[in-house]
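All figures in this text were calculated on a predicted structure; none of them were measured in a lab.
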Amino acid sequence: MTHSELKEFLDEKVELYNNPNFIESDPIQIPHLYSFKEDIEIAGFLAATIAWGNRKMIINNAKKMMDLMGNSPYDFVMNHSELQLESLENFVHRTFNGQDFVGFVKGLQHIYQNHNGLEAVFSKQNPTMQHTISEFKQLFFEIPHLSRTEKHISDPLNGSAAKRINMYLRWMIRKDNKGVDLGIWNSISPALLSCPLDVHSGNVARKLELLTRKQNDAKALAELDENLRRLDPNDPVKYDFALFGLGVFEGF
């Protein structure tokens, strides 16, 4: 495929999958439940954090998280009692357990109380958004926490592709005008975003020769980013819909 043929093919797939029908089978439906900015960003952050494994299970468990927070995630984060935190301790999604959930609530409270909230932290000027994610992880775990909980936020500077947090940033920053990505953060350009790289998008990217590296790690993400920016420098992560859709829905 020539560059222009590849772009045309992928642009068609973006149109096919970047529409509201995508929401019903995707964890992005969780932040769509809310209209208040801080509720949207906290619901999205928690849903993205547990977004690995079976998609139905992810969605069901993310809804459980919201239920446990009284379906008012921001109010819960800021004003919870110790008794309310105890009610989270039976939660489990794969290796993310109730203790991790409590740690995340405290970490989020710290971000809002001491760092002006999630958008402010991710808006910081750094060489790349991957550097910003690494800095966010440091800030999130500034307060006392269980060391086991740290593994639930990836650090791109330690070689991770950080799929879930890159997906979260797509949700918050990208304005797709299709009602899928929420685009509620105006202080960050979608041009800075990186594709959420996972098994599906990685395999499709290799078949399309957008990616040569075998592992789905930070180096692979940098290679994929570079190639997607050639296709659309202003909105490179729109191609996540094409790569994911081709892999999951079409078995490409």
Closest heavy-atom pair and its distance - [X], [Y]:
X      : Y      : value
Glu119 : Ser187 : OE2-OG, 2.7 Å
Cys195 : Asp225 : N-OD1, 3.3 Å
Leu68  : Phe76  : O-CE1, 3.7 Å
Val105 : Val77  : O-CG1, 4.0 Å
Ile23  : Gly179 : CD1-O, 3.2 Å

Before giving the answer on side-chain hydrogen bond (donor to acceptor under 3.5 Å, both in side chains), spell out for Asn216 and Lys163 the whole-Å C-alpha distance, their side-chain angles and the decisive distance to 0.1 Å. CA-CA 9 Å; Asn216 291 327; Lys163 174 246 172 174; over 6 Å; no

How far apart are the C-alpha atoms of Ser160 and Asp155, what are their side-chain angles, what is the distance that settles it, and do they pass the side-chain hydrogen bond (donor to acceptor under 3.5 Å, both in side chains) test? CA-CA 6 Å; Ser160 170; Asp155 186 346; over 6 Å; no

As a quick check of understanding, evaluate salt bridge (Lys or Arg N to Asp or Glu O under 4.0 Å) for Glu223 and Lys219, giving each step before the final call. CA-CA 6 Å; Glu223 181 188 355; Lys219 287 180 179 174; over 6 Å; no

Angle between ring planes, Tyr168 versus Trp171, binned at 30° and 60°: parallel, tilted or perpendicular? perpendicular

Roughly how far, to the nearest 0.5 Å, is the [atom2] atom of [Y] from the [atom1] atom of [X]?
X      : Y      : atom1 : atom2 : answer
Asp100 : Arg148 : CG    : CZ    : 4.0 Å
Leu211 : Leu224 : CG    : CG    : 5.5 Å
His145 : Glu150 : NE2   : CD    : 3.5 Å
Met69  : His80  : CE    : NE2   : 9.0 Å
Asn234 : Ser189 : CG    : OG    : 7.0 Å
Leu243 : Leu228 : CG    : CG    : 6.0 Å

Check [Y] with [X], please: is the shortest side-chain N to carboxylate O separation under 4.0 Å?
X      : Y      : answer
Glu41  : Lys37  : yes
Arg170 : Asp181 : yes
Lys7   : Glu12  : no

Would one find more than 12 heavy atoms of other residues, nucleotides or ligands at under 6.0 Å from atom CD of Glu5? yes

Near Glu8 CD, under 6.0 Å, is it more than 12 heavy atoms from other residues, nucleotides or ligands? no

Let me see the working for Asn126 and His131 under side-chain hydrogen bond (donor to acceptor under 3.5 Å, both in side chains), right down to the final yes or no. CA-CA 6 Å; Asn126 279 304; His131 286 80; over 6 Å; no

Under the side-chain hydrogen bond (donor to acceptor under 3.5 Å, both in side chains) test against Asn18, which residue among Lys238, Arg174, Lys13 passes? Arg174

The single option from Tyr112, Phe122, Phe140, Tyr74 that satisfies ring-ring contact (aromatic ring centres under 6.0 Å, His included) with Phe45 is Phe140

Which residue in the set Phe249, Tyr239, Phe241 passes ring-ring contact (aromatic ring centres under 6.0 Å, His included) when paired with Tyr17? Phe249

Step by step, would you call Asn166 with Gln130 a side-chain hydrogen bond (donor to acceptor under 3.5 Å, both in side chains)? CA-CA 9 Å; Asn166 279 308; Gln130 303 313 299; 3.0 Å; yes

Name all residues meeting the salt bridge (Lys or Arg N to Asp or Glu O under 4.0 Å) criterion together with Glu135; count only those two or more places apart in sequence or in a different chain, and write none if there are none. Lys124

Assess the residue pair Thr149 and Phe96 against the criterion (side-chain contact (heavy atoms from CB on, under 4.5 Å)); give the C-alpha distance rounded to whole Å, side-chain angles, the decisive distance to 0.1 Å, and a yes or no. CA-CA 8 Å; Thr149 303; Phe96 186 95; 5.6 Å; no

